[in-house]
Amino acid sequence: MGFPNVRPRRLRVNPAMRRLVEETKLAPSELVLPMFVKEGLTEPRPITSMPGVVQHSRESLRKAAAEAVRAGVGGLMLFGVPIHKDPEGSGGLDPNGILNVAIRDVISEVGDSTVVMGDLCLDEFTSHGHCGVLDAQGRVDNDATLKAYATMAVAQAEAGVHVVGPSGMMDGQVGAARQALDAAGHQDVGILAYAVKYASAFYGPFREAVESSLEGDRRTYQQNPANFHESLREVKLDVEEGADMVMVKPALTNLDIIHAVRKEVTLPVAAYQISGEYAMVEAAAANGWVDRERAHLETLTSIRRAGAQIILTYWATEAATLLRTRY
Ligand code: PBG
């Protein structure tokens with residue numbers, strides 16, 4: 001027998017063979033589209049650092065939500081941007097605040113045809129840009145923030161949200177949301193826990209999207225990217241506190257964490273391909289340095305292969321459409 005007698009290339013010989021042996025498939029239903037809605041807008045407004053992503057008006061949000069549903073996406077994650085921000089982030093707690101109004105709009109548009117989620121965090125609403133309220137020394141006050149999250153969770157549930165996504169990295173945030181929801185009779189509203197969330201440079205474009213005026217950083221509550229075991233601890237706590245799904249964020253810099261979390265829990269594992277991950281590919285593609293569609297699908301496939309069965313991505317509608325015509 002001639003050398004080499006083992007030939008892996010045989011399984012790559014043509015598209016039909018490659019399709020047959022492909023191990024990881026992405027489905028539109030596994031993609032969740034994060035969406036921004038800005039109070040008072042009459043027309044959608046582009047976000048410069050995220051080409052193709054906009055701050056929606058209430059009207060354009062409804063249309064884009066319906067379009068995402070037609071493309072087959074599994075869910076929507078809504079972020080509200082108020083006109084007025086204050087130190088308490090009161091716009092997030094107000095039943096008539098922009099996020100809660102938008103949840104009602106989207107639910108009336110799409111009903112139960114997709115999973116509608118709301119960001120459960122104060123940073124879009126606070127004048128200082130932190131994810132919680134501050135104490136007299138200007139530090140983020142964990143337990144006072146939990147009270148605000150509890151009120152916010154119930155307001156979102158009353159607006160009809162299917163799932164809340166606590167993303168502020170306060171200790172006890174999942175338990176606080178669960179207790180408040182249950183006490184208000186919202187046992188069926190789920191919790192997508194941002195269980196692992198690193199203090200990342202890649203959130204940059206999101207700051208533009210929600211007009212955040214954050215001074216300083218979030219390192220007293222978000223995790224140090226150097227740490228691994230801390231993530232498993234965070235996940236364990238969120239599972240104990242009643243999380244229905246656990247998320248790792250950012251995605252591409254943390255494929256090892258996604259993989260480890262997948263092995264650790266029996267709940268659905270999600271990953272968030274964040275604004276900076278999206279922006280990097282868009283910027284390189286705009287320069288002709290990478291093929292945009294291939295680069296996006298490659299990142300999504302890698303995140304899926306690492307073990308995330310749900311992926312939040314700004315590319316969800318477009319990717320879902322591409323995937324439907326792919327096979
Ligand atoms: C906090 C929140 C952030 C993102 C999602 N939820 C910002 C942050 O933690 O700094 C970032 C998402 C992205 O960058 O795409 N409400």
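Below, each value reflects all heavy atoms present in this structure, side chains not excepted, and no hydrogens, waters or symmetry copies. Whatever order the structure lists ligands and atoms in, that order sets their numbers, starting from 1. Numbering starts at 1 and runs along the sequence shown.
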| query | Is the count of non-hydrogen atoms from other residues, nucleotides or ligands lying under 6.0 Å from Phe202 atom CZ greater than 12? | reply | no
Please tabulate, for side-chain N and O atoms in residues 251-262, each donor-acceptor pair with protein atoms closer than 3.5 Å (sequence neighbours left out).
{"from": "Asn254", "atom 1": "ND2", "to": "Pro250", "atom 2": "O", "distance (Å)": "2.8"}
{"from": "His259", "atom 1": "ND1", "to": "Ala306", "atom 2": "O", "distance (Å)": "3.3"}
{"from": "Arg262", "atom 1": "NH1", "to": "Gln309", "atom 2": "OE1", "distance (Å)": "3.1"}
{"from": "Arg262", "atom 1": "NH2", "to": "Val265", "atom 2": "O", "distance (Å)": "3.0"}
{"from": "Arg262", "atom 1": "NH2", "to": "Leu267", "atom 2": "O", "distance (Å)": "2.9"}

| message | Can you see whether Arg62 engages Ser108 through a side-chain donor-acceptor pair at a distance of less than 3.5 angstrom? | response | yes
| Salt bridge check: are Glu211 and Lys38 linked by an N-O gap of less than 4.0 Å? | yes
| task | Collect the protein residues that have a non-hydrogen atom under 4.0 Å from ligand 1 and hand them over in chain and number order. | result | Phe79, Asp119, Cys121, Asp123, Glu124, Ser167, Lys197, Tyr203, Phe206, Arg207, Arg218, Gln222, Lys249, Tyr272, Ile274, Ser275, Tyr314
| task | Run the numbers on Trp315 and Glu277 for side-chain contact (heavy atoms from CB on, under 4.5 Å), then give the verdict. | result | CA-CA 11 Å; Trp315 223 48; Glu277 299 178 53; over 6 Å; no
| query | Do Glu22 and Arg18 meet the salt-bridge criterion of a basic N to acidic O distance under 4.0 Å? | reply | no
